[in-house]
**Q** 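Below is a structure I'd like to ask you about.
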Amino acid sequence: MSDGVRNLHEALARIGEHWQPHRLTSVNDYDVKVVKLLGEFVWHEHPETDELFLVLSGELTIQLRDGDVVLGPGDVYVVPKGVEHCPRADAEVEAVLFEPQGTVNTGSAGGDRTAQLRELD
C-alpha cells in the first residue's frame with residue numbers, strides 16, 4: 001500500500017464485486033475500507049469493536065433487531081460492539097468503513113460471505 005493522497009472515487013471505480021471490502025489506508029491500528037454493497041448481507045455482530053459506516057452514494061439500511069437505520073449519501077452511523085445487525089442495499093451503495101485491523105466483515109457469523117481483506121494498489 002502506498003503512502004500519500006488516496007481518492008475515494010478512484011478506489012471505488014476499481015472495485016467490481018459487492019461485499020468485498022478493500023483497504024484504502026490505515027490510521028494507527030484502524031483500517032479505512034471502501035466497499036460496494038448490493039442486496040442483503042448476513043446477520044452478524046462484532047463482539048469486540050464498533051463498526052462505522054459512511055455512505056458515499058446510494059441508500060443503505062442497517063437492519064437492527066429493534067428497528068432499521070437508513071443512511072443516505074454523507075450519513076454516518078456507528079453500530080456499537082456486540083449489536084447484531086444486517087446491512088441491506090436495495091440498489092448499489094458505495095461506502096467507507098472504519099474498523100480495527102483484522103476485523104472480519106461477517107463478524108461472529110462467518111460463512112461464505114466472509115471476505116479476505118484486499119489491498120488497493
Side-chain angles (χ1 to χ4, degrees):
M1 178 173 54
S2 64
D3 292 324
V5 176
R6 307 302 302 261
N7 184 283
L8 290 170
H9 301 291
E10 289 175 9
L12 284 159
R14 295 181 11 219
I15 296 175
E17 300 172 90
H18 297 108
W19 303 108
Q20 297 296 313
H22 290 68
R23 183 168 61 186
L24 184 66
T25 192
S26 295
V27 178
N28 297 318
D29 58 349
Y30 275 72
D31 285 332
V32 179
K33 302 173 186 176
V34 290
V35 65
K36 289 183 178 179
L37 312 172
L38 181 62
E40 186 170 274
F41 199 51
V42 296
W43 281 95
H44 67 285
E45 63 183 320
H46 302 279
E48 302 299 323
T49 186
D50 298 337
E51 183 176 22
L52 183 144
F53 290 84
L54 164 60
V55 172
L56 299 174
S57 68
E59 183 177 278
L60 178 64
T61 301
I62 306 289
Q63 299 173 106
L64 304 170
R65 294 297 184 191
D66 61 353
D68 295 348
V69 175
V70 179
L71 307 173
D75 289 340
V76 172
Y77 181 72
V78 176
V79 177
K81 70 179 176 181
V83 172
E84 193 176 24
H85 59 286
C86 180
R88 187 184 79 235
D90 296 331
E92 187 174 78
V93 168
E94 295 180 333
V96 176
L97 307 173
F98 292 87
E99 303 171 318
Q101 292 173 352
T103 299
V104 176
N105 67 328
T106 53
S108 60
D112 61 354
R113 284 263 176 108
T114 301
Q116 297 297 318
L117 183 61
R118 297 172 181 171
E119 298 287 334
L120 287 168
D121 299 323

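Just so we're clear, the structure is a prediction, and the values are computed from it rather than from any experiment.
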**Q** Testing the basics here: between S26 and D31, what is the closest heavy-atom pair and its distance to 0.1 Å?
**A**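 Between these two residues, the closest heavy atoms are OG-OD1, 2.9 Å.
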**Q** Looking only at non-hydrogen atoms, find the nearest pair between L12 and V35 and report the distance.
**A**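 Taking every non-hydrogen atom into account, CD2-O, 3.7 Å.
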**Q** To the closest 0.5 Å, what do you measure between NZ (K36) and CD1 (I15)?
**A**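 The distance works out to 6.5 Å.
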**Q** Between G58 and P73, what is the shortest heavy-atom contact and its length?
**A**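 Looks like O-CD, 3.3 Å.
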**Q** Taking atom CD of E48 as the centre, does the number of heavy atoms from other residues, nucleotides or ligands within less than 6.0 Å exceed 12?
**A**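 No - once you tally the heavy atoms of other residues, nucleotides and ligands closer than 6.0 Å, there are 12 at most.
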**Q** Mind listing the closest non-hydrogen atom pair of A95 and L37 along with its distance?
**A**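 Looks like CB-CD1, 4.4 Å.
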**Q** How close do L24 and A11 get, counting heavy atoms only, and between which atoms?
**A**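 Nearest heavy atoms, L24 then A11: CD1-CB, 3.7 Å.
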**Q** Same cluster or not: V83 versus L97, using hydrophobic residues (I, L, V, M, F, W, Y) connected whenever any side-chain heavy atoms lie under 4.5 Å apart?
**A**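 Yes; L97 is reachable from V83 via cluster members.
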**Q** Atom CZ in R14, atom NE2 in H9: separation rounded to 0.5 Å?
**A**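 Between atom CZ of R14 and atom NE2 of H9 there are 14.5 Å.
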**Q** Could you state the interatomic distance from CG (D68) to CZ (R65), rounded to the nearest 0.5 Å?
**A**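 The CG atom of D68 sits 11.0 Å away from the CZ atom of R65.
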**Q** Closest approach of A89 and V93, non-hydrogen atoms and distance?
**A**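 Minimum heavy-atom separation between A89 and V93: CB-CG2, 3.6 Å.
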**Q** Tell me yes or no: between the side chains of E51 and H85, is some donor less than 3.5 Å from an acceptor?
**A**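 H85 and E51 do have a side-chain donor-acceptor pair below 3.5 Å.
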**Q** Measuring from T61:OG1 to L71:CG, what's the distance to the nearest 0.5 Å?
**A**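 If we round to the nearest 0.5 Å, T61:OG1 and L71:CG are 8.0 Å apart.
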**Q** Looking at C86, is its backbone amide N or carbonyl O close enough to the side chain of Q63 to form a donor-acceptor pair, meaning the two atoms are under 3.5 Å apart?
**A**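 Looks like yes, one N/O pair under 3.5 Å.
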**Q** Is a side-chain N or O of N28 found less than 3.5 angstrom from the main chain of Y30, in a donor-acceptor match?
**A**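 Flag not set: sc N28 to bb Y30 has no pair under 3.5 Å.
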**Q** Heavy-atom distance under 4.5 Å between the side chains of F53 and V76, does that happen here?
**A**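 F53 vs V76: side chains apart.
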**Q** If you measure from CG on D50 to CG on L52, what distance do you get to the nearest 0.5 Å?
**A**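 Separation between the atoms: 9.0 Å.
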**Q** Hey, which of K33, R23, K81 is the one that makes salt bridge (charged side-chain N to carboxylate O under 4.0 Å, His left out) with E99?
**A**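 Between E99 and the candidates, salt bridge (charged side-chain N to carboxylate O under 4.0 Å, His left out) is satisfied uniquely by K33.
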**Q** What's the separation between atom CD1 in I62 and atom CG in D75, rounded to the nearest 0.5 Å?
**A**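 The CG atom of D75 is 11.0 Å from CD1 of I62, to the nearest 0.5 Å.
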**Q** With a 4.5 Å cut-off on side-chain heavy-atom distances among I, L, V, M, F, W and Y, is there a chain of contacts connecting W43 to V70?
**A**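 Result: no, two separate clusters.
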